[in-house]
Amino acid sequence: MNDRRSSSSDTRLRPPERFDATDEVPQHDPRPMLRFDPDTDSQPLDETLPDGVESALDRALARPRRRRWGLLVLVGGALAVGVAQSAMQLVDAWRLGEWLAGAWGALGVLGGGLLAGALGRELGKLRRLRRHSQLREALIDESPEPFALCDRLRRQMGLADDDPHWRAFTLAHQQHHSDAETRTLFAHHVLAPRDRKARGLITRMASESALMVAVSPSTLLDMGLIAWRNLYMIDRLARLYGLELGYASRLKLFRTVLANMAFAGTSEFIADAGMDMLSMNLLERLSARAAQGMGSGLLTARLGLRTIRLLRPLPFEENQAPRLADLRRELWTELKRLDRDGRATRDGDG
Amino acid sequence: MALTLPRDMGDMIERGFDRRLRLAVTGLSRAGKTAFLTSLVNQLRHAGLDARLDLMKTAREGRLLGAQRIEQSDLSIPSFPYDEAIEALSLSPPEWPRPTRGISELCLSIRYRTALPGRALIKAQRTLTLDLVDYPGEWLLDLPLLELDYPQWCERMTRLQGPARRAYAADWLSAVQKLAVDQSVDDRELAELAAGYAETLKRARAEGGFSYVQPGRFLLPGDLEGAPVLQFFPLPGITAEDRVRLSRLPAGSLYKTLERRFEHYKRHVVLPFYRDHFRRFDRQVVLVDVLSALNAGAEVFNDMRMTLGDLMKSFRFGGNGTLRRLFSPRIDRLLICATKADHVTPEQHPKLLALLEQLLDEPIKDLRYLDVPVKALSLASIRATETRTIERNGQRQPVLYGTPLDEPGDQPALIFPGEVPDRLPEEAFWHRQGFSFSAFRPLPHRDALPHIRMDAALDWLLGDKLR
Ligand SMILES: Nc1nc2c(ncn2[C@@H]2O[C@H](COP(=O)(O)OP(=O)(O)OP(=O)(O)O)[C@@H](O)[C@H]2O)c(=O)[nH]1
Ligand SMILES: [Mg+2]
């Protein structure tokens, strides 16, 4: 700190300078009218970007790369050395006619190749996850070419050019629409159907995990079950919004969702928790197991909603996001029905 | 009073259930009121069929079923000439609707499917009755008169005269300067002078493009044509300090006569408009023709700025304004539009909007402060151009394709109309360059009228009532 200050006082300060006001300040006059020969070749104003804009877009989207070079070199080097060693072993074995060692060598090469391939795919999927969130940020910020961004999003989501939802969006979109207007249309035509599906999925998974916990005999099994169901749900949700997750990216997303839940506005969390408690009071008449089921079902639901918020390329408009309260009600009816049935059979048995 | 009571009560009952909405459209002369209302009715008539209303939520969700014209609720107001307007637009070649004068009304019944879950069981289909009213923005300019007495008004009018305006008023000024305040005048002479004053206003409006013309009714007298209530004018050189001295003049003097008529105008022309019409509006659209004002140059542009500032005072009735004291209006939503956005290429629309917001900077701040929901849009009620691109010096140049109106030959042209400044241009700019946004002939249409952002306007004006 001290060093720096002394060194900066060594370099001389820039003296004040004056610029000629009329020369230096460029005049940004609006451009005047231009007239063209009516026979000039003209095209409909289309949305495809002229060259140069795309690369500017790329540049805007690109993040400063932060690679873990050490780790990459280590893993890649180990793989390469392993494969090389196996290959040499194979050559030796062939020369010496040692078939067993040869087989081991071949297996080693094969295994190394498979591992490398898997790693590559994982890395690719991680990259896609990162790209997804970057694109999302670009869409939230005012962007110069909203339609081009939507088009990228479409490709990212794996939708074909003639996907009916995408077609509906392109039909609705007009040249003069602003960013916000384009986004509204995209959300309505392309995202809303996926939101509906996602919601349905969350409801189903939540009640399933509630049921599983309610009927499972051991706590250890519960935990395993919940973890498995939740990971599976996140996977499905990601695929709905056009992301295929690998192991690493799934874990990363899971971690982000959890962190997000932990740091989500405390007020929201408290409100949620308060409502949960309230419904728990209503649950008095449910058996302890069913109550536990309700709890884990709610956890799943909350996790699902958070995941959607993270994955959806555009943030929800006000009052459009699916709410926990609705899911809770559905869950509650479901469980009550089940509990009543269960008690009835138990009473019948006894 | 006995006659108006049932009407108001019926209104109130229907409005209690939110089934009726009175939407008023205003703007200075030639701002595009008739075009706006024509397009609005046309889009709603074609809703669910071929109208492009993607920015309107109800339409996007497929819940807007259509609209039908029904008999207007206030039979004493002239009908809005919708059929005539559509007829003109359907001619070949199409023409713009004719200028209108005064207030007119049209009533629509809109059918839609509700999206509220509980109500779906009771009645899935609902109707909203929409009263549409078109009235000249100049009438709103008279609101400040209610707070002025005659000497104050004279002083103000004298202050208003810039060099360009004084040129239009030269003849009248020389005639009126021959008069003395205490002389007695005969009615015929007064009528002539008043006609001369009205003439200066009309010329300033028509030739100069000025919009601050007071009293507003002098331009569009309607059935008051020739009535003594419109036969007065400001006396140049009188200031508010002269009030006491002048009040001692005999009742037959020039000054006293003019003052009497001025007061009469306030009480019997300005007040009734606010009492009978303005008070009953639920939502208001203000149309502003920014581009034509830019065409006309600095003095006119600044004049328009002042006019709009005064005009918007009518909507600032939150605090303890004159209007609140007198009638308590109930406008709960305001839309401000820069019209004729099809005169510029689409990438200029944000700038047009920015300019509009600059122009109405002060009034919008006041409205925000008073918590009146207000939104600004750039739109074209009836789109008269197509947007295309051409290749020029290896670069793409967006252009408009349309038929300019003010040229012989009626040939379509490819035009880049120039850029719109996104802030009020400084003085020097007007001398350097200036603008020339030309008018276009409407496009031939078969289905719904082509438009820009009418759907966004509809969404803001009606969206919350069509849930
Ligand atoms: N290109 C284009 N021109 C328009 C549009 N709306 C209005 N105009 C032009 O503006 C002129 C005036 O429009 P009107 O709708 O008659 O305006 P108004 O406010 O009703 O005028 P008055 O009845 O005279 O007060 C029209 O003749 C058109 O030339 C529009 O959406 N696009
Ligand atoms: Mg009109």
Side-chain angles (χ1 to χ4, degrees), chain A residues 21-22 25 27-53 142-147 165 168-193 196 317-320 326 329, chain B residues 52-55 57 60-61 294 341-342 345-351 353 377-380 383 386-392 394-401 403-404 411-422 425-426 428-429 432-438 450-453 455-456 459:
Chain A
T22 49
V25 182
Q27 282 180 344
H28 290 297
D29 277 359
R31 284 164 60 204
M33 172 175 126
L34 299 172
R35 231 53 216 214
F36 304 98
D37 183 2
D39 299 327
T40 316
D41 209 16
S42 73
Q43 282 86 40
L45 185 65
D46 62 358
E47 316 283 350
T48 51
L49 298 172
D51 297 340
V53 174
E142 298 281 295
S143 57
E145 277 293 340
F147 187 87
H165 295 151
F169 166 68
T170 45
L171 280 181
H173 176 76
Q174 293 185 57
Q175 302 147 3
H176 56 256
H177 286 161
S178 69
D179 306 344
E181 289 161 353
T182 310
R183 259 178 283 154
T184 312
L185 290 179
F186 187 77
H188 175 81
H189 288 290
V190 182
L191 295 180
R196 276 195 293 278
E317 277 171 46
E318 234 176 311
N319 302 330
Q320 294 293 306
D326 304 337
R329 204 169 327 112
Chain B
R52 305 213 43 181
L53 298 173
D54 296 292
L55 298 183
K57 192 152 182 277
R60 194 166 62 221
E61 290 172 350
L294 280 179
D342 58 333
T345 43
E347 84 285 353
Q348 303 291 322
H349 289 179
K351 289 191 192 167
L353 191 60
L377 277 181
S378 62
L379 58 76
R383 190 154 52 87
E386 282 167 27
T387 340
R388 309 183 70 87
T389 48
I390 64 169
E391 199 78 40
R392 184 164 160 273
Q395 289 212 322
R396 285 184 181 215
Q397 167 75 52
V399 286
L400 297 178
Y401 181 79
T403 312
Q411 288 303 311
L414 281 179
I415 296 180
F416 173 70
E419 285 183 328
V420 181
D422 56 2
E426 86 274 25
F429 171 78
R432 256 198 326 273
Q433 182 172 331
F435 300 92
S436 60
F437 301 105
S438 45
H451 66 88
I452 294 177
R453 267 193 279 283
D455 41 0
D459 193 55

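What you are looking at is a predicted structure, and each value in this text was computed from that prediction instead of being measured. Lettering follows sequence order; numbering is per chain, from 1.
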So which of [options] has the largest heavy-atom pair count under 4.5 angstrom toward chain A?
| options | answer |
| --- | --- |
| B:Q397, B:Q411, B:H349 | B:Q397 |
| B:E61, B:R392, B:E386 | B:R392 |
| B:V420, B:T345, B:L400, B:I390 | B:I390 |

Between B:R388 and B:V399, is there a donor-acceptor pair closer than 3.5 Å when you use the side chain of the first and the backbone of the second?
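Such a contact is absent between B:R388 side chain and B:V399 backbone.
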Looking at B:R52 and B:P450, would you say the former's side chain and the latter's main chain have a donor-acceptor pair under 3.5 Å?
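Checked: no pair found.
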Measure distances from A:H176 to the heavy atoms of chain B and classify the residue's part below 4.5 Å as side chain, backbone, both or neither.
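Both backbone and side chain.
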Non-hydrogen atoms of chain B under 4.5 Å away: do they reach the side chain of A:H189, the backbone, both or neither?
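For A:H189, the side chain is the part near chain B, not the backbone.
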Got B:L55 and B:D459 here, is their nearest side-chain heavy-atom distance under 4.5 Å?
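The answer is no; the side chains never approach within 4.5 Å.
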Looking at side-chain heavy atoms only, is the closest gap between B:P398 and A:Q175 below 4.5 Å?
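B:P398 vs A:Q175: side chains apart.
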Set of residues satisfying salt bridge (Lys or Arg N to Asp or Glu O under 4.0 Å) with respect to B:D455, sequence neighbours excluded:
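B:D455: no salt bridge (Lys or Arg N to Asp or Glu O under 4.0 Å) contacts found.
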What residues, two or more places apart in sequence or in another chain, satisfy salt bridge (Lys or Arg N to Asp or Glu O under 4.0 Å) together with B:E391?
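Scan of B:E391 (salt bridge (Lys or Arg N to Asp or Glu O under 4.0 Å), adjacent residues dropped) gives none.
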Proximity breakdown for [X] and chain A, heavy-atom pairs closer than 4.5 Å:
| X | value |
| --- | --- |
| B:P417 | backbone |
| B:K57 | side chain |
| B:F437 | neither |

